[in-house]
Each structure stands twice: as C-alpha cells, then as structure tokens.
Amino acid sequence: MKLKVLRFSSQADCTNGLLFEDSDIGLLFMAYTLEDEHRVLKIKGETRIPAGIYNIKFRDEGGFNERYKKRFPGLHQGMLEICEVPGFEYILIHCGNTDEHTAGCLLVGDSQENNKIIKDGFIGKSTNAYKRIYKDIAREIELDKKVTIEYVDLDNRM
C-alpha cells in the first residue's frame, strides 16, 4: 500500500495537506491532514518531517499506544509509526485538531479550515477519519505487506 501526503499550505504555525492512497486507478482521497510547520532548522516537537518516502509499521509501546488500546478496543493493533525519518523519531499518525496536538506527527480529519485564517490550523472529525483509515492501513501491515507514505511539498517550502 502506498500513501501520499500532498502538503499545499504551510503557514507560521502549521501545514495543511491531503492524504491519498496511491492505487492502480490513481489517487484515492482518504483524509485531510495537519502537521507542524516547515522550518529550516528543526525545533523538537514544532517541525514537520522532511519530504520523502517512509515505511509505516506498528509501534506497540509508549503512551499513545496504551491510550489508543483503551480508546479503540477491538480496532487498535499498534500505533501507525512513520519510520526511519532522518533526525526524527516516534512520528505517528493519530487523532487531533490543531497543531498543538502534534509534535511532528500527522493528524488526520474529515474536515479542514484554512490555515491562513486560523493560526494553529484546524481539522475536524479526526476520530472518524482515524478509525476509517486505520482499518485499511492496519490490515496491510497485519498481512505483512509493505506500507509506505510519501510526503510531497506543493507549498514551495522545501
């Protein structure tokens, strides 16, 4: 499974994007995304990861994993971790609504506000989006299939 995040608006506090599945029939929309902002020099917990292609695997330890086991019983198999990102660790796909809910991670939602208007950005219905996309991604990982995510900067902030 190949996922793709198209980042289209990076502002002072956050980055808006779109998550797609890159399938044989083209890009299939999955969710809106919100991340921290682009920075030339990384500030821990305040910087989005660099554009590139990364593997996604389960992370079955840590505080998020324990909370999501309780929050999503019967669904949760482990956190979706974006692996081997140079200079970053523990980058997850998870629920949240503003850039205050992420420390470099990818938040997903079913609605999105213009981050040129709202300082910290906003995505809504995050839990709904997370549960929906989690099922498909987790199934592929459980079947031992390779799952990748490509981040593409369309916002001219390389």
Side-chain angles (χ1 to χ4, degrees), residues 1-11 13-37 45-49 51 53-83 85 88 90-143 145-155:
M1 172 181 250
K2 295 179 184 178
L3 304 176
K4 187 174 281 198
V5 175
L6 301 180
R7 295 165 163 162
F8 63 85
S9 181
S10 184
Q11 300 305 313
D13 289 308
C14 64
T15 300
N16 281 357
L18 302 166
L19 176 65
F20 294 91
E21 178 181 352
D22 193 353
S23 75
D24 293 338
I25 60 170
L27 295 178
L28 304 174
F29 177 74
M30 296 180 81
Y32 296 97
T33 65
L34 187 71
E35 301 173 78
D36 282 318
E37 65 274 18
E46 293 292 330
T47 307
R48 74 183 194 194
I49 68 173
I53 300 174
Y54 307 102
N55 292 317
I56 297 178
K57 298 183 178 169
F58 284 138
R59 177 173 172 76
D60 58 4
E61 58 188 7
F64 260 105
N65 186 59
E66 294 306 312
R67 286 192 302 275
Y68 276 46
K69 272 200 280 192
K70 293 175 185 164
R71 185 174 177 185
F72 304 114
L75 173 70
H76 185 76
Q77 304 295 314
M79 295 305 299
L80 301 174
E81 182 179 12
I82 301 163
C83 302
V85 180
F88 291 78
Y90 314 126
I91 303 302
L92 308 173
I93 298 173
H94 63 84
C95 302
N97 299 113
T98 74
D99 98 306
E100 297 301 316
H101 300 144
T102 179
C105 297
L106 185 68
L107 305 179
V108 294
D110 278 338
S111 65
Q112 185 173 64
E113 295 288 334
N114 185 337
N115 66 352
K116 290 183 177 182
I117 298 169
I118 297 178
K119 177 183 173 284
D120 291 325
F122 181 82
I123 54 174
K125 300 181 182 172
S126 184
T127 299
N128 292 341
Y130 178 81
K131 289 191 307 189
R132 188 182 62 257
I133 70 164
Y134 184 91
K135 290 176 191 175
D136 294 336
I137 298 168
R139 182 177 53 246
E140 295 294 306
I141 296 170
E142 288 170 350
L143 293 172
K145 294 186 178 178
K146 185 173 185 171
V147 178
T148 62
I149 188 165
E150 179 180 8
Y151 286 80
V152 179
D153 294 338
L154 301 177
D155 58 1

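The figures that follow rest on heavy atoms only: side chains count, while hydrogens, waters and symmetry mates do not.
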Taking the side chain as C-beta and beyond, is there a heavy-atom pair between [X] and [Y] under 4.5 Å?
| X | Y | answer |
| --- | --- | --- |
| R139 | L143 | yes |
| T102 | E35 | no |
| L107 | N97 | no |
| E81 | I91 | no |

*asked:* List the residues meeting salt bridge (Lys or Arg N to Asp or Glu O under 4.0 Å) with E150, not counting sequence neighbours, and say none if there are none.
replied: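 Salt bridge (Lys or Arg N to Asp or Glu O under 4.0 Å) list for E150, sorted by chain: K4.
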
Going from [atom1] on [X] to [atom2] on [Y], what distance comes out if it is rounded to the nearest 0.5 angstrom?
| X | Y | atom1 | atom2 | value |
| --- | --- | --- | --- | --- |
| K146 | N55 | NZ | CG | 5.0 Å |
| I149 | M1 | CD1 | CE | 10.5 Å |
| I137 | I56 | CD1 | CD1 | 5.5 Å |
| F122 | Y32 | CZ | OH | 13.0 Å |
| F29 | L19 | CZ | CG | 8.0 Å |
| K145 | E140 | NZ | CD | 4.5 Å |

Kindly say whether [Y] contributes a backbone atom to a donor-acceptor pair with the side chain of [X] at under 3.5 angstrom?
| X | Y | value |
| --- | --- | --- |
| T33 | V108 | no |
| D60 | G78 | no |
| Y134 | Q77 | yes |
| T148 | I53 | no |

Closest heavy-atom pair and its distance - [X], [Y]:
| X | Y | value |
| --- | --- | --- |
| I82 | Y151 | CD1-OH, 3.0 Å |
| E37 | Q11 | CB-O, 3.4 Å |
| A51 | R7 | N-NH1, 3.7 Å |
| F88 | I49 | CD2-CG2, 3.7 Å |
| G96 | S126 | N-OG, 2.9 Å |
| Y54 | C83 | CB-O, 3.6 Å |

*Evaluate the side chain to side chain contact (heavy atoms under 4.5 Å, CB included) criterion for residues D13 and T98: first the C-alpha distance (whole Å), next the side-chain angles of each, then the deciding distance (0.1 Å), finally the verdict.*
CA-CA 10 Å; D13 289 308; T98 74; over 6 Å; no

*Going by the angle between their ring planes, with limits at 30° and 60°, are Y68 and F64 parallel, tilted or perpendicular?*
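Taking F64 first and then Y68, their aromatic rings stand perpendicular (interplane angle over 60°).
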
*Just do the side chain to side chain contact (heavy atoms under 4.5 Å, CB included) check on L80 and I141 with the steps written out, would you?*
CA-CA 9 Å; L80 301 174; I141 296 170; 3.9 Å; yes

_For C14, the option from D99, D36, I123, D120 that meets side chain to side chain contact (heavy atoms under 4.5 Å, CB included)_ =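 Exactly one pass, corresponding to D99.
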
*Qualifying residue, where the test is side chain to side chain contact (heavy atoms under 4.5 Å, CB included) with F20 and the options are V5, L6, V152*: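 Among V5, L6, V152, the one that satisfies the side chain to side chain contact (heavy atoms under 4.5 Å, CB included) with F20 is L6.
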
*Are R48 and T15 linked by a side-chain donor-acceptor pair shorter than 3.5 Å?*
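Short answer, yes.
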
_Checking I93 against I133 for the side chain to side chain contact (heavy atoms under 4.5 Å, CB included) test, could you report, in this order, the C-alpha distance in whole Å, the side-chain angles of both residues, the deciding distance, and whether it holds?_
CA-CA 10 Å; I93 298 173; I133 70 164; 4.3 Å; yes

*Qualifying residue for salt bridge (Lys or Arg N to Asp or Glu O under 4.0 Å) with D110, from K125, R132, K131*: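 The option that passes is R132.
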
*What pairs with K69 under side-chain contact (heavy atoms from CB on, under 4.5 Å), at least two apart in sequence or on another chain?*
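K69 satisfies side-chain contact (heavy atoms from CB on, under 4.5 Å) with N65, E66, H76 only.
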
